Structure formats: C-alpha cells, structure tokens
Amino acid sequence: MPKYVGVLTAGGDSPGLNAAIRGIGKATIEAYDMNIIGFKDGFRGLMENRFIRLESHSLSGILTQGGTILGTSRDKPHKMSVGNKILDMTDVIVENYFKNHLDVLVCLGGGGTLKNAFRLSQHGINVIVLPKTIDNDVAMTDVTFGFDTALGIATEAIDRLHSTAHSHHRILVVEIMGHHAGWLALGAGIAGGADVILIPEIPYNIDKVADAICRRSKNGKHFSIVAVSEGAMSLERAAMLEIAEQKKKEAKTDEEIKAASVEVKKLSALVPGGTMDIAQKLEKMCKLEARVTILGYLQRGGTPSAADRILATRLGTACATCIENEQYGVLIASKGETAITVPLEEAFGKTKLVPQNHQWVESARLVGTCLGDM
Ligand code: F6P
C-alpha cells in the first residue's frame with residue numbers, strides 16, 4: 001500500500017523551506033512511490049482542510065525560491081482564532097488527518113512548531129518535524145535551514161555599513177533578528193567585523209559599550225559598528241525580568257500566572273531598551289552622531305544560499321527515508337554531515353541559546369570586539 005504524506009510549513013518563513021518541500025516531495029514520490037499533499041498556511045490549512053496535491057512537476061523550479069509555496073502562519077492548533085474566539089481546534093485537525101488517510105504529518109518549523117507537533121503526536125497522529133528558522137535556536141540540531149542565508153545577508157549589510165560609517169564618522173547601530181538567541185547577530189557581527197555585538201544571552205552595560213567606542217575614537221577611529229540582536233537586554237532590564245519571571249514561577253493559580261505575566265510586560269515597558277535607545281544613549285555618551293538600520297524581513301526573504309539548499313535537501317530526503325521506515329515522532333536533525341532522528345519529547349520546549357563560553361564568543365572577545373559586559 002503506498003503511503004500518504006501531509007506536509008505543512010509553520011511559523012515565520014525561512015529561506016530553504018521550498019528546497020525542503022522539494023526534497024521531501026521528490027524522494028517520497030519518485031524514490032518511494034508515496035502520495036503527498038501540502039496543507040496551506042500552516043496548521044490553519046490543516047484545520048480548514050485546505051491543501052494541494054504535490055506532484056513531481058509542481059516541485060520543479062522551487063529549489064531556488066524564497067518563502068514557502070504552501071504559505072505559513074503562526075496559528076497554534078490548541079489556541080486558534082476562529083471568528084472572534086480563540087478555540088482549541090486539535091480535534092478538528094486530528095479528524096482531518098484521518099479523513100485524508102494520512103500516515104504521517106511532516107511539519108517544517110522552529111521551536112513553536114516543535115511544541116505544536118509534539119502536542120498533536122500525543123493525540124494519536126504520526127508526526128515528523130524538520131528544523132527551520134533564521135534564528136538557529138532549535139535544540140538538538142547543529143543548525144537550522146534559513147540561518148546560513150540570513151547570516152550572509154546580515155554580514156553583507158554590516159560590510160556595507162562600514163564605508164558609510166567611516167565616511168561620516170558615525171556610530172551605526174544595526175538591528176539583527178533574534179528575540180531569544182543571538183546566533184545571527186553574533187555570527188554576522190564576527191563575519192562583518194562589528195566593533196560591538198550585543199546579544200540576549202549577554203546583558204550589556206551601556207557604559208562599557210560607550211567606553212569601547214570612545215577608546216576607538218581616541219585611537220583615531222571615529223566610527224563604530226554596533227550589531228544588536230532584537231532581544232539584546234541591558235543589565236537593568238535583565239535584572240527586572242529575572243524578578244518578574246521568578247514571580248511567574250512562584251504563581252500557583254491561573255489568575256496569579258496571568259497577573260505575573262501582565263507585570264512582566266509592565267516592568268519591561270518601564271525600562272527603556274532596544275536599538276533606538278542604545279543609539280540615542282551612545283550618541284550622547286560618545287559625542288559621535290548615531291544612526292540606526294533595522295534589517296528586519298530582508299533577512300528572511302529571497303533565494304536560499306547554497307548551504308541552506310543542501311541542508312534542506314539533506315533533511316528533506318532523510319525525512320522521506322524515515323517515512324519509508326515508519327520512523328515517526330521525531331525531529332530530523334543535522335549532526336555534522338549526517339541527519340539523525342531525535343524523539344520529539346527530547347527536542348520540544350528547549351531553545352538553543354548561545355553558551356557564554358561558545359567559541360564564537362571567545363573569538364569575538366579575542367579580536368577585541370566589545371560584547372557589552374566588560
Ligand atoms: O523566524 C524567527 C523570527 O525571524 C524572529 O527573529 C523574529 O523576531 C520573528 O521571526 C518575527 O517574525 P514575525 O513578525 O513574522 O512574527
């Protein structure tokens with residue numbers, strides 16, 4: 001009996017999604033003689049049973065395309081907005097899985113998708129996850145597809161900012177994606193030779209950052225590039241969030257948890273932070289004009305790099321082989337040059353942050369880059 005495969009892409013889009021869809025599709029259809037359908041717009045399409053049949057010809061020419069031919073959304077099966085209500089649509093999703101006689105649902109996504117897929121697997125359906133995100137913060141895999149492309153784009157941006165910063169004797173603060181993990185800012189900062197790199201894992205002291213820039217000025221370098229992760233945090237903000245998070249942990253009832261979450265939001269609003277605030281402070285403290293560049297969605301758009309195409313194809317085809325072998329409930333992870341399977345219960349709910357002693361951190365310090373803490 002040929003197998004029936006459903007595939008969807010969820011969360012923020014990422015270069016390499018189409019290469020992965022193609023890898024799964026071509027291998028399942030051509031090598032293993034399976035049937036494959038693609039649900040539109042993430043878990044919402046599965047809930048509404050909106051799908052397209054994927055055939056060899058529809059997979060041709062998509063390897064190099066950015067975005068996802070299936071569309072994506074941040075919808076969660078257990079908390080979906082339907083009309084003006086937020087409802088748990090898990091049962092409908094499970095029903096549609098069986099209605100389409102699926103043997104497996106393949107979800108291409110990041111940390112959020114992993115959690116959602118794991119929850120669905122607990123409702124009796126077979127699930128496989130492939131790790132994608134430009135943030136590179138999925139645990140148990142060396143790397144996620146999308147990261148290499150975004151790294152290239154952010155590095156090129158820093159390269160370009162150098163000449164204008166130098167010409168105008170300015171501080172150029174560049175905001176790079178990454179709410180929780182600083183891989184992208186750290187990687188692009190090292191590759192682009194940023195003078196300061198601020199990431200969420202290392203709370204910064206603005207005085208230290210200003211000192212580093214002033215030292216450069218004294219040495220005749222009247223410009224600086226500051227690479228900032230979206231989620232970079234001042235020491236003050238980090239301390240406040242820690243207290244609020246502790247309160248959240250201690251909260252027992254749903255009401256207490258809600259109140260603690262509201263407090264976290266209120267507290268964070270009280271402490272200024274973020275890229276604009278950093279630029280304004282540095283301008284005053286260093287007596288150099290400062291400008292801000294927010295790279296934003298440029299980092300997620302466009303054609304994937306060669307490395308991402310290879311990674312997505314490797315993981316996509318490994319996924320097809322897992323389906324052939326009926327190995328379900330796993331994340332297909334990259335380890336060195338191989339693809340391995342990690343049980344979903346070991347992979348979900350974890351975020352791969354930059355360790356304080358990671359070699360990238362050590363190397364950045366050794367070439368004299370200020371990371372905001374010393
Ligand atoms: O995909 C992850 C990410 O790129 C984060 O770095 C960023 O904060 C987030 O997506 C924003 O995406 P959206 O606006 O699509 O929710």
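Just so you know, ligand 1 is whichever comes first in the structure, and atom 1 is the first atom listed for that ligand. Model, not experiment: these values are computed from the prediction.
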Open item on the list: Does ligand 1 come near enough to G178 that some N or O of the ligand is less than 3.5 Å from an N or O of the residue?
Closed with: yes

Open item on the list: Evaluate E289 against R291 for salt bridge (charged side-chain N to carboxylate O under 4.0 Å, His left out), listing each step before the verdict.
Closed with: CA-CA 7 Å; E289 256 188 343; R291 292 285 191 272; 3.7 Å; yes

Task: Identity and distance of the protein heavy atom lying nearest atom 2 (C) of ligand 1 - done: D135 OD2, 3.3 Å

Open item on the list: If we count only N and O atoms by modelled type, under 3.5 Å, do the side chains of R314 and S334 hold a donor and an acceptor together?
Closed with: yes

Open item on the list: Whether the S56 and E30 side chains hold a donor-acceptor pair (N or O, under 3.5 Å, no angle test) is what I'd like checked.
Closed with: yes

- [ ] Using the six-membered ring wherever Trp is involved, compare the ring planes of F348 and F118 and label them parallel, tilted or perpendicular (cut-offs 30° and 60°).
- [x] parallel

Open item on the list: Can you name the atoms of ligand 1, numbered from 1 with element, that are less than 4.0 Å from a heavy atom of I134?
Closed with: 4 (O)

- [ ] Answer with yes or no whether the side chains of N100 and N49 bring together a donor and an acceptor at under 3.5 Å.
- [x] yes

Task: Any side-chain donor near an acceptor of the partner, D13 and T72, under 3.5 Å - done: no

TODO: Distance to 0.1 Å, residue and atom name: give those for the protein heavy atom nearest to atom 7 (C) of ligand 1.
DONE: E230 OE1, 3.6 Å

Task: Residue, atom name and distance, where the atom is the protein heavy atom closest to atom 8 (O) of ligand 1 - done: H179 CD2, 2.8 Å

TODO: May I ask you to identify the nearest protein heavy atom to atom 16 (O) of ligand 1, giving residue, atom name and distance to one decimal place in Å?
DONE: R74 NE, 2.7 Å

Open item on the list: Polar contacts were defined as any N/O atom of the residue lying under 3.5 Å from an N/O atom of the ligand; does this apply to D13 and ligand 1?
Closed with: no

- [ ] Just jot down the ligand 1 atoms closer than 4.0 angstrom to any heavy atom of M177, in number order.
- [x] 4 (O), 6 (O)

Open item on the list: Is a donor from one side chain sitting under 3.5 angstrom from an acceptor on the other, for T303 and R309?
Closed with: yes

Task: For atom 10 (O) of ligand 1, closest protein heavy-atom neighbour - done: R300 NH1, 2.9 Å

Open item on the list: Among all protein heavy atoms in this structure, tell me which lies nearest to atom 14 (O) of ligand 1, with the distance rounded to 0.1 Å.
Closed with: Y297 OH, 2.4 Å

